[in-house]
Structure formats: C-alpha cells, structure tokens
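What follows is one structure encoded as structure tokens, with my remarks underneath.
Whatever order the structure lists ligands and atoms in, that order sets their numbers, starting from 1.
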Amino acid sequence: MLDTIVVGAGIAGLTAARLLHAAGQRVVVLEARDRVGGRMWTDRTAGFSVDRGASWIHGLTGNPLTGIVAELGLETVEFTVGSFQAGGRPIADHDEARQRMDEAATKRWLDDVETADALFQQAIADSGDDESYADAAERTLAGTGWDAERADRVRQFYRHRTEEQCGAEIEQVAAHALDEDAIEGEEVVFPGGYDAIPHAFAAGLDIRMGTTVTAVTRSASGVRVDTDSGAFEAAQVIVTVPLGVLKAGAIAFTPALPDAVAGPIARLGMGAFNKVFLRFPERFWPDGVYAIRRHGRAGVPWHSWYDVSAVSGRPMLLTFAGGDWAREIEQLTDEEIVASVVDALRGVHGDAVPDPVAHWITRWASDPLALGSYSYVAVGSSHDDHDALAEPVDGVLHFAGEATYGHEPATVHGPLLSGHRAAERVLGTPLALTGLTRELDPSS
Ligand SMILES: Cc1cc2nc3c(=O)[nH]c(=O)nc-3n(C[C@H](O)[C@H](O)[C@H](O)COP(=O)(O)OP(=O)(O)OC[C@H]3O[C@@H](n4cnc5c(N)ncnc54)[C@H](O)[C@@H]3O)c2cc1C
C-alpha cells in the first residue's frame, strides 16, 4: 500500500508530494491532465512564452518563491502591478471621452482614489460578514460628497479591483474579502515561462498523468481513491483539485464530508478571470508607459491593457476579463473576442491600432479541471473558511491548494505553502521548506 496519494499536479500537489517523497514516503500523484502545473501553464507554441495562468510573483519579500527561483536559476523581469494599486507605475490614463488625461487630471483621480481608500478602510472595518464590498464602497462614496461623475470613476475602479483580484462582481464579494491582501513590494514575471517551477518540482516523482479521480473513500485502514483507470489505496490522501471542481461534486467523498469542510466549499466563491494576449505587427502605444487605461462607465468592458513586450520580446498587449464578463466571453468565438478588444483599443488610439497578428485567449471557467480561476471570500463567508477547508478529515483526508490558504489565496505561493502544511500534517512533524529544489533520489 502507498503511504500517500496526492490528487492534482499543480503547485500545491507537487510541493506536498516532493516533501513527502524526500521524507522517505511512497507517494503517487494522480493528475487528470496530460501536463503538470495546473493553473500554471506556459504556452510555448509560438516559440516564446505566454503564461495562460499565473504570470506574476506577487511580492518578492518574504515569499518562498524568491529563493526557489534563485535556486533554479530562472530568469525574471521586474513588472510590478502592485496588486491593482492606483498609482506607482506610469499608466496612460484616458477619460470617458477617450482623451488622454494630462498629468493634473491623472493626479486628481489618483488623489480621489487615495482619499476614498482611506474612508473605505473604515467602512470595511465597520462591515458585518453579510455585507458586500459594494455595500462598503457605496457607503464610502456617499460620505465623500462628490458629484456623480467624480464618484463614478472611483466606483468603476473598485469594480475592476474585485473583478481582477477575485474574479467576481463587487456585489458578490464580501466587504472583508481583501482584508488579507496586503502584498507589498516588487513583483516579477518570467520570460521563460512560470511553469518552469512545477516542471522542476515534478522531476523524480511518480506522477500518473491522464488519470481522473472520481471518488475518495475513507475507511479504518486508510483511503481508497477511484479513478477512470483503476483504484489506488494509501494510508492518507491529499486532494488539491481547484475549488470549482470540489463545488461541482466531481469527486464523490464517502462518507460524506463533515460540515466543517463541506460548509467552506459551499460558502466560498470560485471566481472567473481570463486573459487575452494580442500580438501586433508593431507598437502603436507610447513608450515608457506600462499600461493603457481608460476610465469607463458601468458595463463597458476592456479597460486596461498591459504592455508585456518585455516578457515575450514582441509587441504585445495583455488585457483581462474578470467576473461576469470573463464568463460571458467564454461563450464567444476567438474572432468575436479579438474584434471586441481591438474595437475598444481603437476607441482610445483610433486608426493607429493595426489588426493583431496573433492572439491567446483563456477560458478557465469552462475548463472542467478548474471550473474557475481562483477562489474569493463571497458574501456570507470569511477568510477562516479557506483554512477550515484544509482541516484533516478522520486523520486520513487532507485538502490543499489555492482555496485552502487564507493568508494568500489566488496566488502561487499560497498553494505552495498549503502543500507544505498538508505534508507536515501527513507526517505529523514540522518540515523545512528548503530542499524543494534538491534532486530527489528516485530509488527511495
Ligand atoms: C488566469 C490566471 C491568472 C493568475 N495569475 C496569477 C499570478 O499572476 N500570480 C499568482 O501568484 N497567481 C496567479 N493565479 C493563481 C495561481 O495560478 C493558482 O492559485 C495556483 O496555480 C493554483 O495551484 P493549485 O495547485 O492550488 O491548483 P491547480 O494548479 O489548479 O492544480 C490542481 C490540479 O488538479 C488537477 N485535477 C482537477 N480535477 C482532477 C481530478 N478529478 N483528478 C485528477 N486531477 C484533477 C488539475 O488538472 C490541476 O492540475 C492565476 C490564476 C489564473 C487562472
């Protein structure tokens, strides 16, 4: 019998499997896809890297990924988005009439965001668990005494914040959802592709690709894991599939999961966030800005385009769709999506925008092995629900992965740390995180 089965070869599963293997356990990883990395997925079909899932290390300071990247010798490029902060990097802002805002107008807007954010923190602190981010935002804006147009610009900024950070509409997200989102400092991306990390972690592990888990049964002697290609037995199992997969009931748990775990699965939200990369024959946007942004009215999609030329070495822009819009575009064809993005860009830059020569579009919400992009604290849930989801069940079933790490959900380092925590619980002993990149002895 195996010591531990790990379900899912994303960063959480691979971290857990690697630490357990290094500790001498017999471990098998069951992965439904034909690749490792899960939501870390680099597309290299065009001869350069396009990260369809995670791109950024958010906050290098105190981040376990920082040391891992150094040990693996991976190339990075500094590209600080500041977790959707308003200021910082030079952004070419455009007003509702699509005119480039001058320095004074941009500063006025940034000052407004800063003023509102200070009030917003208090409004959030005063909010109960059943109140939404939208409720707190409206209370804040009402307190500013601003006219409708001025308040609406900041309102749209808040909407975009939850769409991008949570993959959800502002009304769906709990007022306290972003309380723990305090990632500061420099951020980097990977010209060679972020999935170099999961590929390095996978080396030396027994990973059964193309193996879809359908059921997990607990018994006095351990666990039985049924898949579409046979059953596996082990003393313990770590399940790292995305929250969307758990919510859909794609894996049958017997006996049924206790409320302490089933409750968080039901209460937490699974957001949708998609990327659209467009490669152009030449640059048409100004040098020295890291994004083009237009201030829109409610319901107007495509508002920010990030210059990712430094990553690919080609003239490329990246834009995002989050929340309802992310789910809507998944029903459109690639051609319809590209036309819609280009139309919005031409609204800003006019005929200077040539037809793109290539595009990459993600559809994470309809991917059956993700069913969304990342989790968020929905109205009625709390940050504690993330960690409650990881509480061991009957001492043999553990959950890990993005949605189980309350301190840093929706990141890469959060699930990495959740895999570390699960491995420690399986062994019942503290484990050093160092050594994740060390070569594994395949004979052990
Ligand atoms: C578009 C997008 C952009 C992002 N950007 C960033 C970013 O810039 N920075 C950042 O830090 N984070 C980012 N994230 C979040 C980050 O990618 C994820 O939080 C992280 O990769 C999740 O790792 P995980 O191991 O928890 O899950 P996953 O990577 O999803 O791994 C779970 C694995 O389980 C497998 N699986 C599912 N069902 C089954 C089954 N029934 N049987 C067997 N296997 C199964 C899946 O195929 C998958 O490989 C982004 C995510 C998305 C989608």
Legend entry - Nearest option to atom 27 (O) of ligand 1, as decided by whichever heavy atom of R33, R39, E408 sits closest: R39
Legend entry - Identity and separation of the nearest protein heavy atom to atom 34 (O) of ligand 1: G8 CA, 3.3 Å
Legend entry - atom 19 (O) of ligand 1 - nearest protein heavy atom and its distance: T411 O, 2.7 Å
Inset, instruction - Compute whether any side-chain donor of one residue and acceptor of the other, for D179 and H383, lie under 3.5 angstrom apart. - result: no
Legend entry - Per-atom contacts, ligand 1 versus E402 - under 4.0 Å to a heavy atom: 19 (O), 22 (C), 26 (O)
Legend entry - Ring geometry between F273 and F320 (parallel below 30°, tilted from 30 to 60°, perpendicular above 60°): tilted
Inset, instruction - Using the side-chain contact (heavy atoms from CB on, under 4.5 Å) rule, pick out the option among L278, L317, L318 that qualifies with W305. - result: L317
Inset, instruction - Using a cut-off of 6.0 Å, state whether more than 12 heavy atoms not belonging to R438 lie near its atom CZ. - result: no
Legend entry - Heavy-atom closest contact (A137 atom, F120 atom, distance): N-CE1, 3.3 Å
Inset, instruction - Any atoms of ligand 1 less than 4.0 Å from a non-hydrogen atom of P242? List them with their elements. - result: 30 (O), 32 (C), 37 (C)
Inset, instruction - Run the contact test for T362 against ligand 1 with a 4.0 Å cut-off on heavy atoms, strictly below, and give the result. - result: no
Legend entry - Element-labelled atoms of ligand 1 that are located less than 4.0 Å from some non-hydrogen atom of V412: 10 (C), 11 (O), 12 (N)
Inset, instruction - Tell me yes or no: between the side chains of Q156 and H295, is some donor less than 3.5 Å from an acceptor? - result: no
Legend entry - Element-labelled atoms of ligand 1 that are located less than 4.0 Å from some non-hydrogen atom of L30: 43 (C), 44 (N)
Inset, instruction - Among all protein heavy atoms, pick out the one at the shortest distance from atom 44 (N) of ligand 1; state its residue, atom name and that distance to 0.1 Å. - result: A32 N, 3.2 Å
Legend entry - Given R363, R52, E330, R327, the one that forms side-chain hydrogen bond (donor to acceptor under 3.5 Å, both in side chains) with N274: E330
Inset, instruction - Tell me which protein heavy atom sits closest to atom 42 (N) of ligand 1, plus the residue, atom name and distance to 0.1 Å. - result: V213 N, 2.9 Å
Inset, instruction - Before signing off on this row, confirm whether V7 and ligand 1 have an N or O atom pair separated by under 3.5 Å. - result: no
Legend entry - Shortest protein contact, atom 3 (C) of ligand 1 (heavy atom only): G53 O, 3.3 Å
Inset, instruction - Run down the list A9, G10, S55 and name the one with the heavy atom closest to atom 31 (O) of ligand 1. - result: G10
Legend entry - T211 neighbourhood, listing ligand 1 atoms whose heavy-atom distance to it stays under 4.0 Å: 42 (N), 43 (C)
Inset, instruction - Indicate yes or no: does D51 engage R39 in a salt bridge with an N to O separation below 4.0 Å. - result: no
Legend entry - Contact with ligand 1 for A250, non-hydrogen, under 4.0 angstrom: no
Legend entry - P415, portion touching ligand 1 at heavy-atom distance under 4.0 Å: side chain
Legend entry - Note: D367-R33 ion pair, threshold 4.0 Å (strictly below): yes
Inset, instruction - Would you mind running through ligand 1 and noting each atom that sits below 4.0 Å from a heavy atom of W364? - result: 1 (C), 53 (C)
Inset, instruction - Under 4.0 Å from a heavy atom of R52: give me the atoms of ligand 1 that qualify, with their elements. - result: 1 (C)
Inset, instruction - Please indicate whether any nitrogen or oxygen in A12 is less than 3.5 Å from any nitrogen or oxygen in ligand 1. - result: yes
Legend entry - Atom CD of E71: over 12 foreign heavy atoms under 6.0 Å: yes
Inset, instruction - Check whether the side chains of D307 and W285 place a donor and an acceptor atom closer than 3.5 Å, and report yes or no. - result: yes
Inset, instruction - List the atom of L205, the atom of F201, and the distance in Å for their closest heavy-atom pair. - result: CD1-O, 3.4 Å
Inset, instruction - Among all protein heavy atoms, pick out the one at the shortest distance from atom 35 (C) of ligand 1; state its residue, atom name and that distance to 0.1 Å. - result: E31 OE1, 3.3 Å
Legend entry - Nearest neighbour in protein (non-hydrogen) for atom 53 (C) of ligand 1: S373 CB, 3.6 Å
Inset, instruction - Give yes or no for whether the N/O distance cutoff of 3.5 Å, strictly under, is met between W56 and ligand 1. - result: yes
Legend entry - Residue-ligand contact G37/ligand 1, heavy atom below 4.0 Å: yes
Inset, instruction - Would you please classify the geometry between the F79 ring and the Y306 ring as parallel, tilted or perpendicular, with 30° and 60° separating the classes? - result: tilted
Legend entry - Closest protein heavy atom to atom 36 (N) of ligand 1, given as residue, atom name and distance to 0.1 Å: V241 CG1, 3.8 Å
Legend entry - M40: numbered ligand 1 atoms lying under 4.0 Å from its heavy atoms: 21 (O)
Legend entry - salt_bridge(R421, D387) N-O dist < 4.0 Å: yes
Inset, instruction - Please report the C-alpha distance between H176 and I124 in whole Å, then the side-chain angles of each, then the deciding distance to 0.1 Å, and finally whether the side chain to side chain contact (heavy atoms under 4.5 Å, CB included) criterion is met. - result: CA-CA 6 Å; H176 289 283; I124 287 171; 3.8 Å; yes
Legend entry - Any A410 heavy atom less than 4.0 Å to ligand 1: yes
